[in-house]
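Each remark here refers to the structure printed beneath this line.
For ligands, and for the atoms within them, numbers begin at 1 and follow the listed sequence. What you see below is based on every heavy atom in this structure, not just the backbone, and it leaves out hydrogens, waters and symmetry mates.
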Amino acid sequence: MVEAVANIGVVGLAVMGSNLARNLASREGNTVAVFNRSHEKTDTLLSEHPEAEFVGTTDYAGFASALSKPRTAIIMVQAGKGTDAVIDELTKVFEPGDIIVDGGNALFTDTIRREKAVRETGINFVGAGISGGEEGALKGPSIMPGGSAEAWETLGPILKSIAAIAEGEPCVTHVGTDGAGHFVKMIHNGIEYADMQLIGEAYDLIRRGTGKSPAEIATIFEAWNKTELESYLIEITAEVLKQVDAKTGKALIDVIVDQAGAKGTGAWTVQTALDLGIPVSGIAEAVFARSLSSKPAQRAAASDLPGPTDKWTVDDPETFIEDVRLALYASKIIAYSQGFDEIVAGADEYKWDIHKGDIAKIWRGGCIIRAQFLNRITDAYADDPGLVALLTAPYFRTAIEGAQASWRRVVSTAAIAGIPSPAFSSSLSYYDGLRADRLPAALTQGLRDFFGAHTYKRVDMDGTFHTLWSGDRSEIESEGSSH
Ligand code: 6PG
């Protein structure tokens with residue numbers, strides 16, 4: 001029988017799991033029980049880090065007996081069936097009051113289902129979004145746990161000890177019950193998709209508009225990283241663009257196949273937004289842009305379709321680059337604003353008490369979308385917790401005011417030049433849609449009523465109306481009809 005000396009355990013020792021286990025073991029007071037289905041990974045971890053406070057285990061029973069009570073284990077396996085299998089095994093050897101944490105990128109509705117099933121055994125189940133990639137897992141990620149308040153009492157101090165620190169505060173908070181943590185992580189990833197797409201569009205416009213090399217554009221991104229755009233993704237864009245391919249001596253970006261992969265979290269964000277009725281157009285365009293890129297046969301077939309006849313040149317590269325920077329900033333504000341709208345709608349639908357300001361806070365460090373301007377989002381929600389749209393907060397209103405002329409120039413230039421800018425342009429359309437006094441939705445309502453008697457509301461009186469439209473539809477009758 002293994003002695004119960006570990007206060008926390010990790011199941012699944014691929015890179016993310018091993019790094020998280022190493023992070024946990026490096027913090028004062030933690031002893032970490034580790035388990036992996038194939039023992040080699042456990043042996044490698046233990047032999048490569050003899051100094052770490054690990055207890056290696058070879059089966060689930062041994063893993064459970066290595067843990068002090070309440071037993072707390074973080075599952076770090078690939079989301080999906082593997083997670084269910086590990087949960088099954090752990091529920092066999094754990095007892096009521098123990099805590100199972102799923103640290104993978106699970107779909108939040110799976111987490112809701114799992115939490116409900118595990119709760120029936122008396123064991124706590126916590127779905128925790130963990131962001132920051134391999135380095136974040138090791139040095140300090142941003143952590144978004146859901147689950148019960150009871151589980152958070154035990155788990156909170158442990159997660160606080162390993163999370164990234166931003167402005168002196170650990171990047172972890174109890175997001176809400178059951179699937180709330182994975183829901184918020186899903187939104188994080190949706191914003192990550194939008195952010196990356198916007199960066200891609202900015203790079204493409206500058207490259208094709210000015211003819212600058214990837215290395216030169218890397219320098220531009222380095223400079224941008226000293227502005228309001230300061231963020232991890234801008235920083236690593238410079239690194240990626242600078243990279244030279246060892247095999248050919250070319251810029252590495254030019255030898256990477258231009259077909260973007262996706263594991264699905266961006267698509268989930270959009271699917272969920274569709275169900276909730278929230279327009280996350282920037283995120284949706286980012287997901288679709290990856291899909292479009294990954295259709296080589298269609299792209300090859302379409303490659304000789306006509307584009308603009310006039311050759312596009314940028315007269316004043318410096319002004320153009322600044323325009324692109326501001327268009328990126330304004331579009332980024334839209335992406336975050338839309339993401340937060342989806343959090344509000346999700347919280348409402350699933351009865352989660354999510355504090356938007358706290359979410360902005362825990363995204364300031366450790367995670368992939370960490371950015372200087374998350375502080376501004378935190379401030380905006382602190383000043384007005386009931387803020388209906390982030391982009392209407394004074395700081396962002398002013399930021400967009402300063403950026404909008406550039407934004408419009410960039411979107412129209414991209415259209416004239418035949419350069420795809422789906423995230424830039426959809427974000428601008430969203431902005432113009434939101435601020436419009438009248439939308440053509442009135443016409444949509446008229447058409448719906450015409451062909452399907454779907455009714456409409458009037459601007460000048462309460463009630464629901466149906467018109468007896470002209471022609472052979474004139475005899476259609478309905479309550480409250482107008483002529
Ligand atoms: C993070 C990342 C991480 C992962 C994405 C990649 O927050 O650390 O979001 O979760 O890198 O899932 O997603 P795609 O493979 O879909 O781009």
Side-chain angles (χ1 to χ4, degrees), residues 12 14-20 23 74-80 82-83 101-108 110-111 127-146 159 162-164 166 171-173 175 179 181-200 231-237 239-240 256-273 280 282-294 332 335-336 339 342-343 359-371 374 423:
V15 186
M16 285 293 286
S18 311
N19 282 2
L20 198 78
N23 183 353
I74 306 180
I75 304 173
M76 295 298 289
V77 302
Q78 203 155 16
T83 308
V101 183
D102 173 15
N105 265 335
L107 179 60
F108 75 96
D110 284 343
T111 304
I130 301 182
S131 177
E134 295 171 5
E135 196 183 320
L138 182 63
K139 295 185 180 159
S142 170
I143 312 175
M144 294 146 254
L159 297 183
I162 59 163
C171 294
V172 56
T173 188
V175 174
H182 276 140
F183 183 89
V184 165
K185 174 60 170 45
M186 175 186 78
I187 305 294
H188 165 284
N189 280 32
I191 295 173
E192 174 185 305
Y193 272 56
D195 227 342
M196 288 164 68
Q197 174 63 23
L198 292 167
I199 288 173
S231 60
Y232 173 68
L233 284 170
I234 294 282
E235 179 192 326
I236 65 169
T237 299
E239 298 292 329
V240 170
I256 297 178
V257 174
D258 60 343
Q259 294 171 25
K263 293 202 199 74
T265 48
W268 293 345
T269 312
V270 179
Q271 284 159 352
T272 306
V280 292
I283 299 170
E285 288 298 347
V287 175
F288 288 140
R290 289 197 194 187
S291 313
L292 185 151
S293 77
S294 302
K332 187 179 161 110
Y336 279 73
E342 188 170 344
I343 290 178
I359 302 304
K361 271 189 178 179
I362 64 165
W363 285 350
R364 290 180 304 180
C367 66
I368 303 297
I369 64 169
R370 62 185 181 263
L374 258 316

Self-check item: Distance in Å, Glu134 CD paired with Met16 CE, rounded so as to fall on 0.5 Å steps
Solution: 7.5 Å
Practice problem: Without swapping roles, check the side chain of Ser142 against the backbone of Gly366 for a donor-acceptor pair under 3.5 Å. | Solution: no
Quiz prompt | Among Ile130, Asn105, Thr265, Ile369, closest by any non-hydrogen atom to atom 13 (O) of ligand 1 | solution = Thr265
Quiz prompt | Any side-chain heavy-atom pair of Gln271 and Met186 under 4.5 Å | solution = no
Quiz item: For atom 16 (O) of ligand 1, which candidate among Trp268, Tyr193, Trp363 holds the nearest heavy atom?
Solution: Tyr193
Quiz prompt | Whether over 12 other heavy atoms sit under 6.0 Å from Gln78 CD | solution = no
Exercise. Pull out every atom of ligand 1 sitting under 4.0 Å from any heavy atom of His188, numbered as shown with elements.
Key: 7 (O)
Practice problem: Could you check Val270, Val287, Leu198 and say which one makes a side-chain contact (heavy atoms from CB on, under 4.5 Å) with Tyr193? | Solution: Val287
Quiz prompt | Gly132 heavy atom under 4.0 Å from ligand 1 | solution = yes
Quiz item: Under 4.0 Å from any heavy atom of Ala262, which atoms of ligand 1 are there?
Solution: 16 (O)
Quiz item: Against heavy atoms of Gly133, which atoms of ligand 1 measure under 4.0 Å?
Solution: 8 (O)
Exercise. Work out which heavy atom in Ser293 is nearest to a heavy atom in Ala260; give both atom names and the distance.
Key: OG-N, 2.8 Å
Quiz item: Starting from atom 2 (C) of ligand 1, which protein heavy atom do you reach first, and at what distance in Å?
Solution: Glu192 OE1, 3.4 Å
Exercise. Provide the closest heavy-atom pair for Asn23 versus Gly140 in the form atom of the first, atom of the second, distance.
Key: ND2-N, 3.6 Å
Practice problem: Examine ligand 1 and decide if any of its atoms is less than 4.0 Å from a heavy atom belonging to Lys185. | Solution: yes
Practice problem: Please write down residue, atom name and distance for the protein heavy atom closest to atom 7 (O) of ligand 1. | Solution: Ser131 OG, 2.4 Å
Quiz item: Which of the atoms in ligand 1, numbered in the order shown and given with their element, are less than 4.0 Å from a heavy-atom of Asn189?
Solution: 5 (C), 7 (O), 9 (O), 10 (O), 12 (O)
Exercise. Specify the closest pair of heavy atoms between His182 and Ala128, including all atoms of both residues, with the distance to one decimal.
Key: NE2-O, 3.3 Å
Quiz prompt | Top protein contact for atom 17 (O) of ligand 1, by heavy-atom distance | solution = Arg290 NH1, 2.8 Å
Self-check item: Step-by-step side-chain contact (heavy atoms from CB on, under 4.5 Å) determination, Met144 to Trp363
Solution: CA-CA 9 Å; Met144 294 146 254; Trp363 285 350; 3.5 Å; yes
Exercise. Run the contact test for Cys367 against ligand 1 with a 4.0 Å cut-off on heavy atoms, strictly below, and give the result.
Key: no
Self-check item: Distance filter under 4.0 Å to Ile368 heavy atoms, resulting ligand 1 atoms
Solution: 1 (C), 2 (C), 7 (O), 8 (O)
